[in-house]
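In what follows, chains carry the letters A, B, and so on, assigned in the order in which the sequence lines appear, proteins first and then strands, with residues in each chain numbered from 1. These values consider heavy atoms only, across backbone and side chains, with no hydrogens, waters or symmetry-generated copies.
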Amino acid sequence: MFERLRGTRDFLPNEMAARKKVFSSIKKTVEEFGFFETDTPAIELFELYSIKSGEEIIEELYAFEDKGGRMISLRPELTPSVVRVLVSRAKELSFPVKWYSIPRLWRYERPQSGRLREFYQLNIDIFGSDDPRADTEVISCAIKLLCDLGFDESDIEVRISDRRMLQEFLLNIGIEKYHDVLKIIDKREKVSQKDFKEMLLGLKISEPQIKEIDAFLNSKGNFLESIENLSSSHKEEGISQVIESLRRIAQDLNDRGFEKFITFDPSIVRGLDYYTGMVFEVHDRKREFRALFGGGRYDNLAELFGGEHIPAVGFGMGDAVLELMMRRKNIWPEEKVEIDLFIATIGNVEKEVSKILTSLRNSGYKVDFDIMNRNLSNQIKFANKLGAKSLLIVGERDLKEGNITLRDLKTGNEAKITLEEFVSSPSKYLTKVL
RNA sequence: GCCGGGGUGGGGUAGCAUGGUUAUCCUAUGGGACUGUGGAUCCCAUGACUCGGGUUCAAAUCUCGGCCCCGGCCCCA
């Protein structure tokens with residue numbers, strides 16, 4: 001016997017049915033926002049990931065050498081692949097490009113709650129526009145798809161910040177090594193006040209500077225209000241430009257009715273080296289789980305890949321945390337398979353059954369029948385386990401008079417009708433699943 | 001890589017402190033009975049102590065190690 005590889009999952013039909021419902025809800029919402037689905041290979045050249053990543057990230061790749069001596073990696077994220085496609089096809093594409101995908105990704109990490117080695121991740125991106133409305137579209141889409149799955153503002157919180165704003169702010173108070181400071185700011189929620197301060201002191205940040213940083217980070221709250229407060233207290237040129245574009249995003253999100261979901265939180269940083277502007281995260285309000293989404297602006301990745309300048313904004317949402325959150329709220333779909341009709345047989349009625357099967361299947365019904373030579377009782381048991389909505393009993397005796405029995409397995413009602421009548425207008429008797 | 005908690009039929013479990021008959025119960029699965037109305041009930045069957053070493057007359061039980069699972073740290077693209 002073999003076992004599943006660590007951090008991977010098997011999906012049995014009932015589990016698959018639930019997952020399909022969730023994914024199709026997501027796809028529907030995203031497509032309502034005008035995104036088109038794409039896909040890319042699961043394997044890519046190792047360099048696609050090593051070019052911009054640190055050692056730790058590379059250690060977490062599923063990588064191997066192929067027979068041609070190339071180093072190959074399973075994709076750990078989608079963005080490099082999408083940007084690769086974009087850069088190589090930029091000439092033929094008309095911008096803005098709005099693409100989405102739900103790829104399977106692989107990361108060689110230690111599995112934990114909400115983190116696996118193989119998982120799905122919804123990715124949506126807008127390329128070609130640096131307008132704040134692109135940011136708004138992406139954030140709105142994130143919120144809307146969660147709403148369509150059954151969440152509301154009491155469940156989730158979108159926290160937004162902007163890397164440029166932080167950078168400008170730090171420059172204004174005389175801090176130049178903002179890289180290191182960002183790293184510490186990113187950890188702020190996890191460490192104590194005291195440790196936070198000591199880490200900053202370790203970088204030779206002065207006490208007054210730390211006070212300023214603290215004040216700035218504490219400016220979190222209602223998105224639009226926080227931004228307006230900041231704009232009156234920060235008139236410096238660099239920062240006020242950033243604030244203006246954030247103000248437009250905030251205003252637009254309010255106009256779309258998403259105000260209650262959003263918090264402005266300057267301590268949001270996200271992983272380094274990737275994002276260039278607005279960044280956001282989505283969490284459950286109780287902070288029971290790890291981040292559900294992460295995303296933001298990454299305007300220079302295309303150039304880094306040897307293309308022209310293509311501004312970009314997008315996010316990724318893993319399926320593992322989503323499932324945990326949906327289960328917690330009891331909105332994970334019922335794990336159940338269903339068919340429209342099961343045909344139970346008594347005696348030798350093969351010819352008639354074949355005709356019924358073919359006719360109904362051609363009309364688009366999901367139909368199954370006994371191929372185990374079970375007795376009637378066991379056939380009915382099996383039909384129920386299959387989740388059949390209706391049961392058709394075709395028996396030798398009744399068939400001599402042209403009759404069959406149709407039972408609704410949900411209500412238990414049954415009726416004897418003629419085979420001819422049933423086959424000629426099945427829609428009178430059956431409804432389709434889904 | 002580090003730290004903690006765990007592994008008993010396909011799934012869920014009892015037993016483990018205090019070693020000692022045929023390892024408990026539920027469920028699932030296969031078969032059968034109930035004259036072709038049955039989702040029920042009853043009967044029968046299949047099926048497990050994570051692996052290896054140690055202690056012992058005797059190990060599911062005590063002990064050491066490996067493997068695996070769950071959670072946490074690191075990291076999180």
Side-chain angles (χ1 to χ4, degrees), chain A residues 1-10 12 14-15 44 48-61 73-83 103 105-117 119 121 123 125 183 186-187 190-191 269-275 279 281 288-296 298 301 304 314-318 320-321 324 342 344-347 349 370 372-389 391-400 403-416:
Chain A
M1 276 238 289
F2 293 103
E3 283 183 347
R4 223 181 325 123
L5 249 29
R6 164 178 289 190
T8 62
R9 295 168 290 180
D10 298 314
L12 270 56
N14 54 339
E15 296 158 341
E44 293 276 7
L48 188 68
Y49 308 108
S50 59
I51 190 171
K52 71 172 181 73
S53 310
E55 240 172 72
E56 267 171 346
I57 283 167
I58 288 170
E59 272 175 25
E60 288 170 356
L61 294 176
S73 174
L74 258 52
R75 59 185 176 194
E77 57 168 326
L78 189 71
T79 307
S81 302
V82 177
V83 174
L105 303 178
W106 295 266
R107 295 178 189 173
Y108 199 87
E109 297 181 287
R110 196 109 200 156
Q112 290 169 43
S113 166
R115 183 206 268 180
L116 299 159
R117 287 189 171 177
F119 56 97
Q121 189 183 66
N123 269 257
D125 295 283
K183 243 183 193 156
D186 195 28
K187 291 209 168 34
K190 289 188 178 175
V191 301
V269 175
R270 304 292 304 153
L272 289 173
D273 296 337
Y274 198 87
Y275 294 108
V279 285
E281 275 180 12
E288 195 178 340
F289 308 107
R290 61 184 66 239
L292 175 62
F293 283 52
Y298 51 103
L301 198 55
L304 203 75
F315 69 77
M317 174 189 74
V321 174
L324 291 175
F342 187 87
T345 58
I346 306 152
V349 292
D370 176 66
M372 298 288 279
N373 297 316
R374 288 190 164 104
N375 63 32
L376 184 59
S377 168
N378 286 331
Q379 291 185 57
I380 295 167
K381 272 185 205 167
F382 185 70
N384 278 295
K385 275 174 193 149
L386 272 189
K389 291 203 297 190
L391 172 77
L392 188 67
I393 300 170
V394 182
E396 251 180 62
R397 208 166 70 195
D398 282 356
L399 211 52
K400 284 197 178 115
N403 290 329
I404 52 170
T405 303
L406 183 66
R407 171 190 277 210
D408 183 324
L409 287 174
K410 304 270 144 106
T411 64
N413 297 333
E414 72 175 42
K416 199 172 269 194

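- Taking atom CG of N373(A) as the reference point, atom P of G31(B) lies 10 Å away to the nearest angstrom.
- Nearest to the side chain of E77(A), among G39(B), A77(B), A33(B), sits A77(B).
- Across the C1' atoms, A59(B) and A23(B) are found 13 Å apart, a figure rounded to whole Å.
- C74(B) and G10(B): their C1' atoms are spaced 37 Å apart (whole Å).
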- [ ] Report the C-alpha distance between V82(A) and T79(A) in whole Å, list the side-chain angles of each, state the deciding distance to 0.1 Å, and finish with yes or no for side chain to side chain contact (heavy atoms under 4.5 Å, CB included).
- [x] CA-CA 5 Å; V82(A) 177; T79(A) 307; 5.7 Å; no

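- Between atom CD1 of residue I393(A) and atom CG of residue N403(A) there is a gap of 12.5 Å, rounded to the nearest 0.5 Å.
- Across the protein-nucleic acid pair, L391(A) atom CG and G36(B) atom P stand 16 Å apart, rounded to whole Å.
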Open item on the list: Each nucleotide in nucleotides 67-73 of chain B should get exactly one letter: B, S or -. Can you fill that in based on protein heavy atoms under 4.0 Å?
Closed with: --S-SBB

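- Atom name P, nucleotides G72(B) and G15(B): the rounded distance is 28 Å, in whole Å.
- Comparing the P positions of G31(B) and U13(B) gives an interatomic distance of 28 Å, to the nearest angstrom.
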Collect all protein-nucleotide pairs involving nucleotides 26-30 of chain B in which both atoms are nitrogen or oxygen and the distance is under 3.5 Å.
from: U29(B); atom 1: OP1; to: K385(A); atom 2: NZ; distance (Å): 3.2
from: U29(B); atom 1: OP2; to: K385(A); atom 2: NZ; distance (Å): 3.1
from: G30(B); atom 1: OP1; to: R374(A); atom 2: NH2; distance (Å): 2.8

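- Expressed to the nearest 0.5 Å, how far CD of E60(A) lies from CZ of R117(A) amounts to 9.5 Å.
- The CG atom of N378(A) sits 14 Å away from the C1' atom of U37(B) (whole-angstrom rounding).
- In RNA chain B, runs of at least 3 stacked Watson-Crick or G-U pairs (N1-N3 plus N6-O4 or O6-N4, or N1-O2 plus O6-N3, all under 3.5 Å) give these stems: B:1-7 with B:67-73, B:10-12 with B:25-27, B:29-33 with B:41-45, B:50-54 with B:62-66.
- Judged purely by atom type and a 3.5 angstrom limit, R290(A) uses its side chain to pair as donor or acceptor with the backbone of S113(A).
- Of the listed nucleotides (G36(B), G39(B), C34(B)), G39(B) has the atom at the smallest distance from the side chain of L409(A).
- Between R75(A) atom CZ and L61(A) atom CG the span is 13.5 Å, to the nearest 0.5 Å.
- Rounded to whole angstrom, the span from the CD atom of E109(A) across to the C1' atom of C76(B) amounts to 6 Å.
- When rounded to the nearest whole Å, the span between CZ of F315(A) and P of A77(B) equals 14 Å.
- In this structure, CG of N384(A) is placed 12 Å from C1' of U37(B), rounded to the nearest angstrom.
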Open item on the list: Could you go through I346(A) and E396(A), starting from their C-alpha distance and side-chain angles, then the distance that decides it, and tell me whether this counts as side chain to side chain contact (heavy atoms under 4.5 Å, CB included)?
Closed with: CA-CA 6 Å; I346(A) 306 152; E396(A) 251 180 62; 6.0 Å; no

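- A distance of about 12 Å separates the C1' atoms of U24(B) and A48(B), rounded to the whole Å.
- Picking from U41(B), C34(B), A77(B) the nucleotide with the shortest atom distance to the side chain of K381(A) gives U41(B).
- Relative orientation of the Y275(A) and Y298(A) rings is perpendicular, given thresholds of 30° and 60° on the angle between their planes.
- Put simply, CD on E60(A) is 12 Å from P on G1(B), counting in whole angstrom units.
- Straight-line distance between the C1' atoms of U56(B) and C44(B): roughly 40 Å, to the nearest whole Å.
- Considering only heavy atoms from C-beta on, L399(A) comes within 4.5 Å of I404(A) through its side chain.
- Counting any heavy atom pair closer than 4.0 Å across all strands shown, E414(A) reaches a base atom.
- At a threshold of 4.5 Å between non-hydrogen side-chain atoms, the residues P103(A) and N123(A) count as touching.
- You'll find that the side chain of R107(A) is closest to A77(B), out of C34(B), A77(B), U37(B).
- Rounded to the nearest 0.5 angstrom, E44(A) CD and L74(A) CG are separated by 10.5 Å.
- Once rounded to the nearest 0.5 Å, the distance linking CE of M372(A) with CD of Q379(A) reads 11.0 Å.
- Look at the P atom in both U27(B) and A33(B): the space between them is 22 Å, to the nearest Å.
- With hydrogens and angles left out, the side chain of R270(A) and the base of A77(B) share no donor-acceptor pair within 3.5 Å.
- Using a distance-only test at 3.5 Å, with no hydrogens or angles considered, a donor-acceptor pair links the side chain of N384(A) to the main chain of I380(A).
- Nucleic acid contact class of T405(A) (heavy atoms, under 4.0 Å, all strands): base.
- With rounding to whole Å, D186(A) atom CG is found 13 Å from C74(B) atom C1'.
- Atom CZ of residue R4(A) and atom CZ of residue R9(A) lie 10.0 Å apart, to the nearest 0.5 angstrom.
- For the C1' atom pair drawn from A17(B) and G9(B), the interatomic distance equals 26 Å after rounding to whole Å.
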